[in-house]
Number of protein chains: 2
Amino acid sequence: MTVNTLKRQPLYVQVKQLLQQRIAGGEWQAHDALPSEWELADELGASQGTVRKALTELVDAGLLYRQQGRGTYAAPVPGDWGEARLLTPGLFAEQPDELAREFLGLSRFNASEDIAEALQLRRLAPLLRIRQLWRRHGAPVALDDALLPAEAFDGLDARWLRGSAGVYGTLQQRYGVRLHVVSEQFRAEMLPREEASLLGVTGMVADVPALCLLRLSADMQGRPLEWRQRYCLTHQLAYTVKHG
Amino acid sequence: MTVNTLKRQPLYVQVKQLLQQRIAGGEWQAHDALPSEWELADELGASQGTVRKALTELVDAGLLYRQQGRGTYAAPVPGDWGEARLLTPGLFAEQPDELAREFLGLSRFNASEDIAEALQLRRLAPLLRIRQLWRRHGAPVALDDALLPAEAFDGLDARWLRGSAGVYGTLQQRYGVRLHVVSEQFRAEMLPREEASLLGVTGMVADVPALCLLRLSADMQGRPLEWRQRYCLTHQLAYTVKHG
DNA sequence: GAGTGGTCTAGACCACAGA
DNA sequence: CTGTGGTCTAGACCACTCT
């Protein structure tokens, strides 16, 4: 086994980690075919069964997908909504409308105590804030703040965020970092003033309740790298999560 | 292979299904040890590796858990909150307080169109409604309506629901049915009058926003068997979901 | 030391996709 | 037909738990 560098990890875990790095490094773009299980086994000095187990875990993690008789392929980077969708309340089987993303701005500020703790940073550590607006049929339905540790994503350019596939896509493409959701919190709140104006909920209308989402995401090594806060208008739509 | 009854299913799937039935049937109570992989392999006429694969999937599904060097055990039935917890907003690592369950009542009515469709029933099919209140430190924090197809759970007795481990525990115990969450929807709503009074949100206080949860659950064969509607007071707590 | 789950291999055969 | 992923077996060794 050419791989084994004396780490006391099972071989299939080492294979998995190695492939993870190569995927994150951009060796295979979305829908590119990986080498066959036998080729990988040969190349990495493991048996086909061991490679298979590693690939299976990467498929389960959403990094790859398989097609019987054809091969194993790199999965596209998930969008900022992940598995969640906005659907009509009560209709679980509905086909979701795609949401249009609008990049509002990139700013910097310092972490509050909560956020610093969640992201395992020191107090007042510098953060990047990426603000995005989501529209459905032209009407604003959600507002999003992604907070990232500034040091981990030095040089992040606002221009990258305008046309791209969202925050997760940009981070994967520019920094080789693939995020996955660790935990989500849901609350009902009265929509704050600033968010209300950005979402186009104006003046006359009585106060509006909004779904407030907090999300903590981490890279594949488990380091927390994103705190996201999202306000959703849910008087007509419901935030829908499908389970495994 | 004594198992193979000409179904064109992989052997490990057959083993999995067979074990699933035996678990649901109550052959092993929570934390009972299953026979070893070798014993099961022998008994079922498959190899240890095949049994292992079936067990792994059942562990992933939450029906079993393993302890290295000790054995494989039946997992306890999940409570009505599943993987979700009520935590302080922003604190993802917090240890949750246990919630006290209070059974409010069992009633019957007929399915609305939405619910009938979701549960794959005809319009106006008879339903059982199980209403429960959840308290934290004595204060009401959530109100719960579980809607079940009356025909599937004929004879369900309100007394079973008073002392037990909740709806899912009762269904497992009395009907050998194990439910898992298929999909959840979240919305922010102003708390309706009836629910407000049951949650002890009274008079003077201005209208309160509440987190409204819709959940669809199914048995292990994928038949949808529960529609749950839950109102959570989230001015102090957040509905928290950890992801795999 | 005996018994359990955890990893790994080598080889076999099947089912499916595509030239 | 070849090449791919999907299943299955038999046997080996390791790591852990308990007596």
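Lettering of chains follows the sequences in order, A, B, ..., and the numbering in each one begins at 1. Any value given below was found using the heavy atoms of this structure, including those in side chains, with hydrogens, waters and symmetry copies removed.
Following rounding to the nearest Å, A:R66 (CZ) and D:dG3 (C1') show an atom-to-atom distance of 16 Å. One interatomic measurement links the two molecules: OH of A:Y12 to P of C:dT9, which rounds to 13 Å at whole-angstrom precision. Taking atom CD of A:E37 as the reference point, atom C1' of D:dG5 lies 6 Å away to the nearest angstrom. Protein atom CG of A:L40 is 11 Å distant from nucleotide atom P of D:dT4, rounded to whole Å. At whole-Å resolution of the value, CG in A:D32 and P in D:dT4 are 16 Å apart.
Counting heavy atoms from C-beta on, the side chains of B:L40 and B:V15 never come closer than 4.5 Å.
Residues satisfying the ring-ring contact (aromatic ring centres under 6.0 Å, His included) criterion with B:W81, sequence neighbours excluded, are B:W134, B:Y239. Considering only residues two or more places apart in sequence or on other chains, A:L214 meets the side chain to side chain contact (heavy atoms under 4.5 Å, CB included) condition with A:Q185, A:W227, A:Q229, B:F92. Legend: residues meeting salt bridge (Lys or Arg N to Asp or Glu O under 4.0 Å) with A:E37, ordered by chain and number and at least two apart, are A:R52, A:R66. Residues satisfying the side chain to side chain contact (heavy atoms under 4.5 Å, CB included) criterion with A:Q172, sequence neighbours excluded, are A:V77, A:R178. Residues that satisfy the side chain to side chain contact (heavy atoms under 4.5 Å, CB included) test with A:R162, not counting sequence neighbours, are A:F103. With sequence neighbours excluded, the residues forming a salt bridge (Lys or Arg N to Asp or Glu O under 4.0 Å) with B:E102 are B:R135, listed by chain and number. Looking at residues two or more places apart in sequence or on another chain, you find a side chain to side chain donor-acceptor pair (under 3.5 Å) between A:S217 and A:Y168, A:E226. For B:D97, the side chain to side chain donor-acceptor pair (under 3.5 Å) partners are B:R136, not counting sequence neighbours. With sequence neighbours excluded, no residue forms a ring-ring contact (aromatic ring centres under 6.0 Å, His included) with B:H137.
In terms of modelled atom types and a separation under 3.5 Å, the side chain of B:R22 and the main chain of B:E27 share no donor-acceptor contact.
Checking B:S36 against A:G49, the closest nucleotide of DNA chain C that is more toward the 5' end is the one next to B:S36.
Of all nucleotides listed (C:dC8, C:dT4, D:dG5), C:dC8 comes nearest to the side chain of A:P10.
Interface residues of residues 20-27 of chain B facing DNA chain C, ordered by number: none; criterion, heavy-atom separation under 4.0 Å. The stretch residues 51-65 of chain A touches DNA chain D through A:R52, each having a heavy atom within less than 4.0 Å of the strand.
The shortest distance between the side-chain N/O atoms of A:T50 and the OP1/OP2 oxygens of C:dT7 is not below 4.0 Å. Contact between the side-chain N/O atoms of A:T72 and the OP1/OP2 oxygens of D:dT4 is not found at any separation under 4.0 Å.
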Practice item. Can you check each nucleotide of nucleotides 11-16 of chain C against protein heavy atoms at under 4.0 Å and return B for base, S for sugar-phosphate only, - for none, in 5' to 3' order? Key: ----BB
